[in-house]
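In what follows, a single structure is set out as structure tokens and then discussed.
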Amino acid sequence: MPELPEVETIARGLARSVSGRTIRGVDVAWQRTVDPRGLAARTLDGETIAGVRRLGKYVLFDLRSGRHVAVHLRMTGRLIADPSTALPHTRLSLRFADGGALVFSDARKFGRWRIFDGDPQAELGTGIDPFDPELTPARLHALLRGRRTKIKTWLLDQRRLSGVGNIYACEALYLARIRPNVAAGRLTRAQAAALLSSLRKVLRKAIFYRGSSVDDYVDGAGMPGEFQKKLAVYGRGGLPCRRCKTAIRRVVLAQRGTFFCPVCQH
DNA sequence: ATCAGCACCTGTTGGC
DNA sequence: TGCCAACAGGTGCTGA
């Protein structure tokens with residue numbers, strides 16, 4: 001479900017709504033929600049949330065103790081602060097000392113919570129962020145050099161670049177006029193530069209519109225985003241390209257639906 | 001290194 | 001109307 005813009009929207013909202021609050025009670029309704037590589041959920045009892053931010057596609061809670069909680073929402077995970085009614089598919093809840101709660105609901109049960117000490121980036125293995133100032137066109141071009149994997153598949157690999165998912169990979173490649181199936185290493189320096197600026201443009205705009213609610217994404221307050229109305233290619237198979245009117249094609253790359261314009265993208 | 005295939009899960013949708 | 005297959009914003013593992 002959520003990619004960088006959706007996770008950013010959720011993290012920003014939760015930073016305001018749960019920062020400074022103290023956990024007094026943890027309910028785990030689906031044990032596998034808690035990643036066994038990290039600490040047990042009950043260790044959160046008594047912790048106070050210092051802040052909330054995004055790391056790649058993780059919602060990262062920084063605790064006053066120095067510990068961290070990384071929540072990955074995968075396809076259908078939702079983090080809702082102080083819900084007014086019980087949520088369906090609730091898998092884990094943090095009860096706060098003030099009487100409120102942070103509830104994790106996840107229909108498909110793919111989402112994971114990981115509680116750990118130490119450096120989040122090292123712990124989670126996240127690659128460079130698309131908005132990291134150190135990611136220059138030259139740096140991206142260098143990262144792509146020699147890679148024979150398809151550029152769209154490369155964009156989805158979180159160990160290299162962290163935060164881009166299926167929707168925004170399709171959208172950025174469309175904006176940059178690059179075919180999803182070209183080998184990553186074959187992109188020219190100019191194409192790498194176009195791809196980077198397209199990624200930032202589409203991600204920034206999607207954050208502005210509070211994410212894309214194609215199916216069931218909602219933010220930390222339960223509100224949907226608006227960017228799904230702005231999508232240029234994702235989910236538009238068979239519909240006319242907004243630039244040249246050619247029918248948008250859908251193919252499958254790396255087991256994921258992939259949309260592109262066969263005329264605009266080379 | 002890379003890829004296809006499958007696993008993890010449930011809910012919704014579209015075709016027949 | 002009803003059933004079933006396909007599909008879904010993600011990742012991780014295995015085997016080739």
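All values reported here derive from a predicted model rather than from experimental measurement. First the proteins, then the strands, lettered A, B, ... as listed; each starts at 1.
Contact annotation: Lys57(A) reaches the phosphate of dT11(C) (side-chain N/O to OP1 or OP2, under 4.0 Å). Considering only side-chain N and O atoms, Thr149(A) lies under 4.0 angstrom from the phosphate OP1 or OP2 of dC3(B). Contact between the side-chain N/O atoms of Arg148(A) and the OP1/OP2 oxygens of dA1(B) is not found at any separation under 4.0 Å.
Atoms CZ (Arg186(A)) and C1' (dT2(B)) sit 18 Å apart, rounded to a whole Å. The interatomic distance linking Met75(A) (CE) with dA8(C) (C1') rounds to 5 Å, in whole Å. For the pair Trp113(A) CH2 and dT11(C) P, the computed distance is 18 Å after rounding to whole Å. The distance between atom CG of Leu253(A) and atom C1' of dT2(B), rounded to the nearest whole Å, is 14 Å. Whole-Å rounding puts the Leu124(A) CG to dG10(C) P distance at 17 Å. Between the P atom of dA8(C) and the CZ atom of Arg78(A) lies a distance of 19 Å, rounded to the nearest Å. Distance CG (Leu4(A)) to P (dG10(C)): 12 Å, rounded to an integer number of Å.
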For residues 23-32 of chain A, which side-chain N or O atoms pair as donor and acceptor with protein atoms under 3.5 Å away, sequence neighbours left out?
from     : atom 1 : to       : atom 2 : distance (Å)
Asp27(A) : OD1    : Arg95(A) : NH2    : 3.0
Asp27(A) : OD2    : Arg95(A) : NE     : 3.0

What pairs of donor and acceptor atoms, side-chain ones from residues 172-194 of chain A against any protein atom, are under 3.5 angstrom apart with sequence neighbours left out?
from      : atom 1 : to        : atom 2 : distance (Å)
Arg179(A) : NE     : Gln265(A) : O      : 2.7
Arg179(A) : NH2    : Pro262(A) : O      : 2.6
Thr188(A) : OG1    : Ala190(A) : N      : 3.4
Thr188(A) : OG1    : Gln191(A) : N      : 3.0
Gln191(A) : OE1    : Thr188(A) : N      : 3.1

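Shown here are the side chain to side chain donor-acceptor pair (under 3.5 Å) partners of Gln121(A), two or more places apart in sequence or in another chain: there are none. Checked against ring-ring contact (aromatic ring centres under 6.0 Å, His included), Tyr234(A) has the following partners two or more places apart in sequence or in another chain: Phe259(A). When the ring-ring contact (aromatic ring centres under 6.0 Å, His included) test is applied to Phe116(A), the partners found at least two apart in sequence or on another chain are His68(A). Remark: Asp45(A) pairs with no residue by the salt bridge (charged side-chain N to carboxylate O under 4.0 Å, His left out) rule, at least two apart or across chains. Taking the side chain to side chain contact (heavy atoms under 4.5 Å, CB included) definition, one finds that Val263(A) meets it with Cys244(A), Thr246(A), Cys261(A), sequence neighbours left out.
The separation of dT11(C) from dG11(B), taken at their P atoms, amounts to 22 Å, rounded to a whole angstrom. Taking the P atom of each, dG5(B) and dC7(C) are spaced 14 Å apart, rounded to whole Å. Going from the P atom of dA5(C) to that of dC6(B) covers 16 Å, rounded to whole Å.
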Fill in the blank from the handout: A correct 5'-to-3' footprint of nucleotides 5-16 of chain B, with B, S and - meaning base, sugar-phosphate only and no protein heavy atom under 4.0 Å, is B--BBBS-----

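Of the N and O atoms on the side chains of Glu47(A) and Ser65(A), at least one donor lies less than 3.5 Å from an acceptor on the other residue.
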Problem - Nucleotide-level pairing of DNA chain B, given in dot-bracket where Watson-Crick and G-U pairs need both distances under 3.5 Å and | marks other strands - result: .|||||||.|||||||

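For Tyr234(A), whose side chain is taken as the heavy atoms from C-beta onward, the closest listed nucleotide among dA1(B), dA8(C), dG10(C) is dA8(C).
Sorted by first then second residue, the ring-ring contact (aromatic ring centres under 6.0 Å, His included) pairs that include residues 121-148 of chain A, not counting sequence neighbours, number zero. Residue pairs meeting the ring-ring contact (aromatic ring centres under 6.0 Å, His included) criterion with at least one partner in residues 36-58 of chain A, sequence neighbours excluded, are Tyr58(A)-His72(A).
At a threshold of 4.0 Å, the pair Asp117(A)-Arg67(A) counts as salt-bridged, since one of the basic side-chain nitrogens sits closer than that to a carboxylate oxygen.
For the contact set between residues 151-165 of chain A and DNA chain B, defined by any heavy atom under 4.0 Å, the members are Arg160(A).
Note: Phe104(A) and Trp113(A) have perpendicular aromatic rings, judged against thresholds of 30 and 60 degrees for the angle between ring planes.
Both Ala254(A) and Arg250(A) sit near DNA chain C, but only Arg250(A) has its closest nucleotide nearer the 5' end.
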